[in-house]
Amino acid sequence: MALDSKPAKRVNALLAIENAATRKMVASLLRDSQYTIGDEALDVGHARLLLERVGADLYTVIICDKLGEAGHLDVLRYVRRETDRLPRSTPLICVADAWTAEELAQTRDFGASDILTLPLTHHTLYRAIGKSVTKQSSFISVATYCGPDRRMAVIKNYKGPFRREADKHLPRREPSRATPAPGLAPAQGGASGAVKPPARPESEIEWNRAIATGDMRIDVEHRKMIDYLKILGDASGEEDGTVATSAVLDGLRDFVVQHIEYEESLMETFDYDDKAMHKRQHAQFVARLESIGKDSASLEEQRRGLFLDVFEWIVKHITNVDRVMIAKMRGEYGATFLADICDLQTEVVINSAYDLALRITHASRIANDMAAGPSKRAHLDGIANTTERLMNLMELADVRVQINGCTDSQLRRLGEIRSALFAGAESLVESAANRLIDYSQDILSGRYGIPLGIGDTLLRQMGQLDSLAGVIGGPEAMGERSRKAVESAEGLARQVLGCLEGGAVCLEEFA
Ligand SMILES: [Fe+2]
Ligand SMILES: [Fe+2]
């Protein structure tokens, strides 16, 4: 695919990219954009050799990946500081599939023209090259920094390079004057070099045609249910979860009663053959909402249970029952409508699973950069909970696909979700095992007595651990640390279960 406009300046690129797939992909994007590839290097030594021998046919841009671990810094140092065979201001764009905060800061301080994160699109690469090659801002070469000027402060009567410390007290340019390209690292200077958490992916269920009934009031009210679901899904941490659960429960109970009253008033306006079934489902949902908080479940378990109930209600009741009722009321119900519902439900489940997988991938990347401590632990717990929801959805998706089939693109998407799940499963196993260890040890210490329903909770946590381990391929496929954590967690949990069978008295032995 060629881009609409050709580059204003002829571009002859040196690709110094170790990863063959990335090199091939970047080369393809460049050729599609009508750029020339001067040379390709596979490692730092090869890249330096090409740069040392470069002649009249200068590279107008260099694109490199990390070339091992930090080979891009060697290339940057050579181009910016050591060679005179090509201009020091030669644009140098660094690409990688992930950057830590430290890597970003180093790459920036070594004078990279741009820092991109894979995957790239034509537009991203084209814009980065265009910005570096044809619209390059002034170049700074001082003892402490050699690279493009990325400062955003405005100095009246500015006459040359100045120390960045002085920027702190200066007015900043309007953001619109320096909008970074997608995937571009933050501008240099101060805290802006830190990795910013990626924008939170869309909530796991969004309004779409699978949920729309066509009745304006009902649709508005169903959207409100999705908002409640988002509040529950976005809550993380004990305090957040508690506030969210009680707020949603309070709001949802009243709201659902009013909503149901309206739907049931519509049922009386036409000859509706599913009236009894529909009313029964309404009553069951109301009863379920009323029952939450009246058993021994912890607040976190209540939040997760409520989330799954509301989610299931949206997927099953709204798409399957409410939509049918409105279609019947309008005389639009028939075989085509039924087939459509089935496809749409599968679509909702798969898209929701995909959004969850995205959320887990983003959260896992953030976790990699977090220092060990309570925040990281809470973050990992959040990932484990989201993974559990993803696994539930994948089971549901599998059943639907086996019974009703699915499209090729849905099948592809399921494959992508499984890959993401597999990639992050080992750290999730470890996190789930540690959670079970802590929980079991607390019980065995006797500090908190024996919570009601502890046996069910432990069995559920063991089941989750088992499912996660199954995603990886069992204990044999795990690293030593994860395997030991799982063995320890299962051993402790079995001790607790053994004690429960034998009576609470024996718990004192472990105190
Ligand atoms: Fe409804
Ligand atoms: Fe309904």
Side-chain angles (χ1 to χ4, degrees), residues 202-234 244-245 247-293 302-352 355 389 392-393 396 400 404:
E202 292 301 303
S203 181
E204 14 195 298
I205 186 161
E206 288 296 328
W207 183 257
N208 64 37
R209 67 192 184 97
I211 303 166
T213 64
D215 180 285
M216 193 185 289
R217 173 168 168 183
I218 288 181
D219 284 347
V220 166
E221 292 180 353
H222 286 166
R223 278 175 192 258
K224 196 166 173 183
M225 291 191 77
I226 294 176
D227 290 340
Y228 279 122
L229 190 73
K230 285 179 178 175
I231 295 171
L232 285 173
D234 288 346
T245 306
V248 169
L249 261 180
D250 282 350
L252 201 57
R253 279 178 179 145
D254 289 345
F255 165 74
V256 163
V257 168
Q258 287 173 22
H259 174 68
I260 283 174
E261 276 175 9
Y262 175 66
E263 278 188 10
E264 293 186 357
S265 72
L266 288 184
M267 293 176 196
E268 305 303 328
T269 64
F270 69 106
D271 185 18
Y272 180 36
D273 55 347
D274 284 329
K275 194 193 301 181
M277 175 274 294
H278 198 153
K279 283 188 172 182
R280 195 166 53 246
Q281 287 200 8
H282 283 171
Q284 284 167 351
F285 189 49
V286 170
R288 170 66 191 134
L289 290 179
E290 286 299 326
S291 73
I292 291 177
Q302 287 176 29
R303 183 182 74 83
R304 285 155 61 187
L306 182 58
F307 181 93
L308 290 174
D309 285 341
V310 177
F311 183 85
E312 199 169 291
W313 181 262
I314 291 171
V315 171
K316 288 186 180 168
H317 182 86
I318 293 180
T319 57
N320 217 16
V321 181
D322 289 349
R323 288 184 77 240
V324 170
M325 180 186 85
I326 299 298
K328 284 180 173 175
M329 189 174 85
R330 295 179 168 184
E332 295 167 353
Y333 180 74
T336 316
F337 184 87
L338 274 177
D340 198 30
I341 280 187
C342 202
D343 288 349
L344 289 173
Q345 281 181 327
T346 304
E347 194 174 305
V348 169
V349 172
I350 292 176
N351 287 346
S352 302
D355 285 341
R389 296 212 299 275
N392 287 336
L393 275 185
L396 186 59
R400 294 197 66 82
N404 307 313

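All heavy atoms count here, side chains included; hydrogens, waters and symmetry mates do not. Every number for a ligand or one of its atoms is a count from 1 in the order of the listing. Just so it is clear, the model here is predicted, and its values are computed rather than measured.
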> Which residues pass the side chain to side chain donor-acceptor pair (under 3.5 Å) test with Asp274, sequence neighbours left out?
Replying inline: Lys328
>> Side chains of Asp219 and Thr213: any donor to acceptor distance under 3.5 Å?
In response: yes
> the Fe ion (ligand 1): which protein N, O or S atoms are under 2.8 Å away?
Replying inline: His222 NE2, His259 NE2, Glu263 OE2, Asp322 OD2
>> Side chains of His278 and Glu264: any donor to acceptor distance under 3.5 Å?
In response: no
> If you count the non-hydrogen atoms of other residues, nucleotides and ligands that lie under 6.0 Å from CE in Met277, is the total more than 12?
Replying inline: yes
> Where does the angle between the aromatic ring planes of Phe255 and Tyr228 fall among parallel (under 30°), tilted (30 to 60°) and perpendicular (over 60°)?
Replying inline: tilted
>> To the closest 0.5 Å, what do you measure between NE2 (His282) and CD (Glu261)?
In response: 11.5 Å
